[in-house]
Amino acid sequence: MKVRVLYHDHCFDGAASAAYITRFLQSARYPNADFYYTGLAHRADQLFEDSLFDGDANVIVDFKYATHPNLTWWFDHHQSAFLSPEDAEHFKHDKSGQKFLDPSYRSCTKYISTIVKEHYGFSAPDLEELVTWADIVDGAAYESAQSAVEMNAPAMKLTLVIEGSKGATLVQKILRLMQSENLEQIIAEPAIQAEYERLHQIHLRNIDVIRKEGNCDQGVIYFDLVDYGIEGYNKFIPYYLFPDSAYTVSVSTSTFRTKVSVGSNPWVKEPLRHNLATICERYGGGGHPKVGAISFPIGAVEEARKAAAEIREELKG
């Protein structure tokens with residue numbers, strides 16, 4: 001039997017969700033199955049092609065809902081879980097009992113672990129460390145911006161590797177190791193440790209770039225990374241550099257999209273006034289109330305910059 005697991009690519013919670021759902025399905029549903037993994041990234045032209053659902057059972061975790069008839073299991077925790085109102089209606093009428101959504105959870109991994117325990121009596125005590133750290137990482141529940149940027153814990157080092165490494169090979173190696181190894185053992189793997197060291201040097205450079213390009217006006221940080229070719233960065237760097245800020249808006253590019261990232265300072269003293277997922281949804285993006293993003297087509301830099309400027313002004317208001 002073949003099980004295809006589709007997960008949010010280059011995301012600690014996405015990888016951890018795939019690892020946890022695999023343990024559950026191997027133990028409780030498909031003990032003799034072979035598991036295959038495909039990472040999914042948000043795009044401006046988001047589609048779920050038939051070729052993605054090539055398993056005897058097909059699973060999506062930590063990513064948007066698909067109406068494909070071959071989708072067997074689905075778990076998500078994002079406010080922006082659907083590509084369209086029609087998709088949301090399709091979910092509401094699902095009779096399988098194997099598709100779950102709850103945006104109140106900080107991480108999809110924690111949500112999966114809760115659902116499979118409550119509904120199916122499955123638990124994996126040896127994965128509690130993984131569940132705990134997925135909740136910390138995806139919920140931005142770090143002690144301080146300094147600790148989030150310095151990344152001393154194994155989980156935080158793995159987050160850098162998962163988010164920054166190219167291709168699927170290393171992420172899926174980590175994903176498979178997450179099913180049985182603790183996080184300190186995983187980061188100690190020679191190939192993973194070497195990639196961490198490489199990416200850490202880039203991380204230090206990114207701090208310098210954001211320090212140079214960033215400015216904070218009325219509590220809103222803004223910077224544009226297009227000319228630097230930086231595809232991603234530790235999202236806590238802005239709050240480390242501008243601790244009195246409330247929000248961040250940035251523009252960046254990658255091989256498959258132009259991206260506007262919108263975030264909020266987890267350590268801000270004043271109550272946050274804006275739902276960032278709702279703001280991003282107006283531009284075709286989404287996310288969580290405290291963090292969101294918008295994907296534009298490759299080359300749509302000016303369109304992205306215009307949206308970023310509008311959002312920046314809204315957040316300042």
### Message
Once you measure the plane-to-plane angle for Y65 and H90, does it fall in the parallel (<30°), tilted (30-60°) or perpendicular (>60°) bin?
### Response
tilted
### Task
Kindly assign one of parallel, tilted or perpendicular to the pair H8 and H78, based on the angle between their ring planes and the thresholds 30° and 60°.
perpendicular
Heavy-atom side-chain proximity of [X] to [Y] below 4.5 angstrom:
{"X": "L52", "Y": "N58", "result": "no"}
{"X": "V59", "Y": "T72", "result": "no"}
{"X": "P266", "Y": "Y239", "result": "yes"}
{"X": "T248", "Y": "K235", "result": "no"}
{"X": "Y228", "Y": "E213", "result": "yes"}
{"X": "V226", "Y": "V301", "result": "yes"}
{"X": "M151", "Y": "T159", "result": "no"}
{"X": "V291", "Y": "V262", "result": "no"}

### Message
I'd like to know if E231 pairs up with K166 as an ion pair, taking the criterion as any Lys NZ or Arg NE/NH1/NH2 lying under 4.0 Å from an Asp or Glu carboxylate oxygen.
### Response
yes
### Query
Can we say R205 and D208 salt-bridge, meaning some charged N sits less than 4.0 Å from an Asp/Glu carboxylate O?
no
#### Entry: side-chain contact (heavy atoms from CB on, under 4.5 Å) partner of I187, chosen from E181, M156, Q193
Q193
### Task
Identify the residue among T169, V171, L175, L177 that makes a side-chain contact (heavy atoms from CB on, under 4.5 Å) with K173.
L177
Short question: side chain of [X], backbone of [Y] - any donor-acceptor pair under 3.5 Å?
{"X": "S113", "Y": "K110", "value": "yes"}
{"X": "R23", "Y": "Q179", "value": "yes"}
{"X": "W267", "Y": "Y142", "value": "yes"}
{"X": "D76", "Y": "L101", "value": "no"}
{"X": "R211", "Y": "P238", "value": "no"}
{"X": "D13", "Y": "C108", "value": "yes"}

Does one side chain, of [X] or [Y], offer a donor that lies under 3.5 Å from an acceptor on the other?
{"X": "E163", "Y": "N234", "value": "no"}
{"X": "Y37", "Y": "T22", "value": "yes"}
{"X": "S107", "Y": "D135", "value": "yes"}
{"X": "T253", "Y": "T258", "value": "no"}
{"X": "Q79", "Y": "T278", "value": "yes"}
{"X": "S104", "Y": "Y111", "value": "no"}
{"X": "Q146", "Y": "S144", "value": "no"}

Same apolar cluster (I L V M F W Y, side chains within < 4.5 Å links), [X]/[Y]:
{"X": "L6", "Y": "I21", "value": "no"}
{"X": "I237", "Y": "Y247", "value": "no"}
{"X": "L272", "Y": "Y222", "value": "yes"}
{"X": "L225", "Y": "I294", "value": "no"}
{"X": "V220", "Y": "Y233", "value": "no"}

### Cation-pi, F75 ring and K99 (6.0 angstrom, 45 degrees)
no
### Ring-ring centroid check F82 F91, cutoff 6.0 Å
yes
### Ring center gap for F100 and W73 short of 6.0 angstrom
no
Quick one: pull up [atom1] in [X] and [atom2] in [Y] and give me the separation to the nearest 0.5 Å.
{"X": "F296", "Y": "R305", "atom1": "CZ", "atom2": "CZ", "value": "12.5 Å"}
{"X": "Y20", "Y": "I115", "atom1": "OH", "atom2": "CD1", "value": "12.0 Å"}
{"X": "L127", "Y": "E129", "atom1": "CG", "atom2": "CD", "value": "9.5 Å"}

### Summary
Those residues at least two apart in sequence (or on a different chain) that pass side chain to side chain contact (heavy atoms under 4.5 Å, CB included) with F242 are C216, I221, S245
### Task
Please determine which of H42, E281, K64, H288 meets the side-chain hydrogen bond (donor to acceptor under 3.5 Å, both in side chains) test together with S80.
E281
